[in-house]
Q: 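Quick one: the structure is below, and I'll ask about it shortly.
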Amino acid sequence: MNTKNWVKFFLQTLLIGGIVTIFTGFIVQWEKYKPIFIDFHISEIISVAIWLAGIGFIFAVLSQMGFFAYLTLHRIGLGLFRSYWNSVQWVLIVFVLFDLVYFRYRAFAEDQDPLWPYVLVALLIFVVGLVVAYFKTLQSDRRTFIPALFFMVVVTVVEWVPVLRVNDTDWLYLMIFPLVICNAYQLLSLPKFLQKSQEERTVLKRKKEAKA
């Protein structure tokens with residue numbers, strides 16, 4: 001990917017993270033922000049929106065760091081495990097989902113608390129990962145299904161760890177939606193930017209050859 005398209009890719013992901021976090025923040029903490037909407041305090045609404053957007057930008061950058069880290073990890077995995085890399089990814093997916101349920105329940109559940117809310121969170125992340133991975137296969141081929149699912153599940157959970165440790169419900173929701181959407185966007189839009197970069201390099205090459 002050339003520099004111009006990388007900047008576009010970065011800025012668009014950043015914008016998505018900011019916008020999603022603004023809407024998520026107002027929805028999750030509606031009772032807190034409801035008075036400023038009822039009284040129509042424009043300045044306060046804008047101030048809160050800017051603050052939420054700033055947080056969203058941080059989530060988007062974290063998402064991008066995770067994405068490029070995964071691209072590197074994927075290459076290393078293919079080199080080390082070769083044909084077994086898909087099996088390794090499945091094992092890691094199961095391991096991370098199990099840990100997401102087991103360790104959170106052990107750390108934060110009170111006596112007699114049901115297990116199902118913790119299972120539901122892991123299940124929802126897995127289902128979203130399946131949906132995004134399915135669309136990724138439609139975009140390319142079936143070989144991309146497991147890597148896409150791995151990225152959407154394992155990498156998203158790893159990126160989510162900072163608020164998982166705190167276990168504040170508002171922050172859990174505030175962070176997971178931007179992360180999931182930014183991760184899905186990057187995964188599905190990267191080929192478009194790569195193709196644009198290739199086309200631009202081809203045009204530039206032809207111009208140089210014509211001048212020569």
Side-chain angles (χ1 to χ4, degrees), residues 1-24 53-93 96-97 100 124-162 174-206:
M1 189 186 302
N2 60 29
T3 303
K4 184 181 75 173
N5 284 305
W6 182 86
V7 171
K8 287 182 180 179
F9 184 66
F10 173 80
L11 292 177
Q12 288 184 17
T13 306
L14 204 67
L15 182 62
I16 289 171
I19 293 173
V20 172
T21 306
I22 289 172
F23 282 99
T24 304
I55 295 173
F57 293 157
I58 296 173
F59 294 159
V61 170
L62 182 62
S63 169
Q64 292 190 327
M65 291 171 61
F67 183 61
F68 286 104
Y70 171 69
L71 293 178
T72 303
L73 175 65
H74 184 63
R75 290 298 176 186
I76 294 173
L78 286 173
L80 288 176
F81 300 102
R82 300 185 184 277
S83 60
Y84 296 103
W85 177 227
N86 280 344
S87 299
V88 171
Q89 289 182 98
W90 269 118
V91 171
L92 291 173
I93 289 169
V96 167
L97 289 174
L100 183 62
L124 288 174
I125 290 177
F126 182 65
V127 170
V128 171
L130 288 174
V131 172
V132 175
Y134 170 73
F135 280 105
K136 184 64 180 178
T137 61
L138 295 181
Q139 188 184 65
S140 50
D141 57 63
R142 289 183 295 177
R143 292 175 299 179
T144 62
F145 181 83
I146 296 175
L149 180 62
F150 179 89
F151 173 68
M152 290 302 302
V153 173
V154 175
V155 177
T156 298
V157 171
V158 171
E159 294 168 346
W160 203 22
V161 164
L174 190 65
M175 190 175 191
I176 191 58
F177 286 105
L179 284 181
V180 167
I181 294 174
C182 285
N183 284 345
Y185 171 76
Q186 289 180 99
L187 190 65
L188 297 175
S189 66
L190 181 63
K192 179 185 69 174
F193 286 95
L194 292 175
Q195 184 179 356
K196 281 184 179 180
S197 297
Q198 183 60 44
E199 291 172 353
E200 289 171 3
R201 280 195 294 268
T202 301
V203 170
L204 184 61
K205 183 178 178 180
R206 287 176 180 174

Q: Can you classify the ring geometry of Y185 versus F193 as parallel (below 30°), tilted (30 to 60°) or perpendicular (above 60°)?
A: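 Geometry flag for F193 against Y185: perpendicular rings.
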Q: Could you state the interatomic distance from NZ (K4) to NZ (K196), rounded to the nearest 0.5 Å?
A: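 Output value for this atom pair is 8.5 Å.
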Q: Looking at E199, R206, K205, which hits side-chain contact (heavy atoms from CB on, under 4.5 Å) with T202?
A: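 With T202 as partner, side-chain contact (heavy atoms from CB on, under 4.5 Å) holds for just one option, R206.
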Q: Between E159 and G66, which heavy-atom pair has the shortest distance, and what is it?
A: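 For E159 and G66, the tightest heavy-atom pair comes out as OE2-CA, 3.2 Å.
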Q: Would you say the side-chain atoms of Y70 pair up with the backbone N or O of F150, donor to acceptor, closer than 3.5 Å?
A: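 Side chain of Y70 to backbone of F150: no pair is present.
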Q: Taking the side chain as every heavy atom from C-beta outward, state whether Q89 and V154 have any atom pair closer than 4.5 Å.
A: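 Of all side-chain heavy-atom pairs linking V154 with Q89, none is under 4.5 Å.
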Q: Would you compute the distance between atom CG of L73 and atom CG of L80 and round it to the nearest 0.5 angstrom?
A: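 It comes to 9.5 Å.
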Q: Would you mind reporting whether F135 and V132 have side-chain heavy atoms less than 4.5 Å apart?
A: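 Not in contact.
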Q: If you define the side chain from C-beta out and look only at heavy atoms, does anything of Q64 sit under 4.5 Å from C182?
A: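 In short, these two side chains do not touch, never coming nearer than 4.5 Å.
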Q: Closest heavy-atom contact between M152 and A184?
A: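 The pair with the smallest heavy-atom distance is SD-N, 3.8 Å.
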Q: Quick one: CD1 on I55 to OG1 on T21, what's the gap to the nearest 0.5 Å?
A: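 Nearest 0.5 Å value for the CD1-OG1 distance: 7.5 Å.
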Q: Where do D141 and T144 come nearest, in terms of heavy atoms and distance?
A: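 Shortest heavy-atom separation between D141 and T144 comes out as O-OG1, 2.7 Å.
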Q: Should we say atom OH of Y84 is surrounded by more than 12 heavy atoms from elsewhere, each under 6.0 Å from it?
A: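 Not more than 12 within 6.0 Å, no.
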Q: So, does T156 use its side chain to make a donor-acceptor pair with the main chain of V180 at under 3.5 Å?
A: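 No; zero donor-acceptor contacts below 3.5 Å.
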Q: How close do G18 and F57 get, counting heavy atoms only, and between which atoms?
A: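 For G18 and F57, the tightest heavy-atom pair comes out as CA-CE2, 3.8 Å.
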Q: Assess the side chains of Q195 and K192: does a donor N or O sit below 3.5 Å from an acceptor N or O?
A: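 On atom types as modelled, these side chains do not qualify, holding no pair under 3.5 Å.
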Q: Closest approach of N5 and S197, non-hydrogen atoms and distance?
A: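 So the minimum-distance heavy-atom pair works out to ND2-OG, 3.0 Å.
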Q: Assess the residue pair L92 and V153 against the criterion (side-chain contact (heavy atoms from CB on, under 4.5 Å)); give the C-alpha distance rounded to whole Å, side-chain angles, the decisive distance to 0.1 Å, and a yes or no.
A: CA-CA 10 Å; L92 291 173; V153 173; over 6 Å; no
Q: Does the S63 side chain pair with the main chain of F59, one donor and one acceptor, at a distance under 3.5 Å?
A: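 Between the backbone of F59 and the side chain of S63 there is no qualifying donor-acceptor contact (under 3.5 Å).
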Q: For the CD1 atom of I76 and the CG atom of L71, what is their distance to the nearest 0.5 Å?
A: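 Between atom CD1 of I76 and atom CG of L71 there are 11.5 Å.
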Q: Kindly say whether T13 contributes a backbone atom to a donor-acceptor pair with the side chain of Q186 at under 3.5 angstrom?
A: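 It does not hold such a pair.
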Q: Would you check, one step at a time, whether the test side-chain contact (heavy atoms from CB on, under 4.5 Å) holds for T137 with Y134?
A: CA-CA 5 Å; T137 61; Y134 170 73; 4.2 Å; yes
Q: To the nearest 0.5 angstrom, please state how far the CG atom of N86 sits from the CZ atom of F81.
A: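 The CZ atom of F81 is 12.0 Å from CG of N86, to the nearest 0.5 Å.
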Q: With rounding to the nearest 0.5 Å, note down the distance linking OG in S189 to NZ in K8.
A: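 Interatomic distance, S189 OG to K8 NZ, rounded to 0.5 Å: 13.0 Å.
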Q: Is the ring pair F151/F67 parallel, tilted or perpendicular, if the boundaries are 30 and 60 degrees?
A: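 Correct class here is perpendicular.
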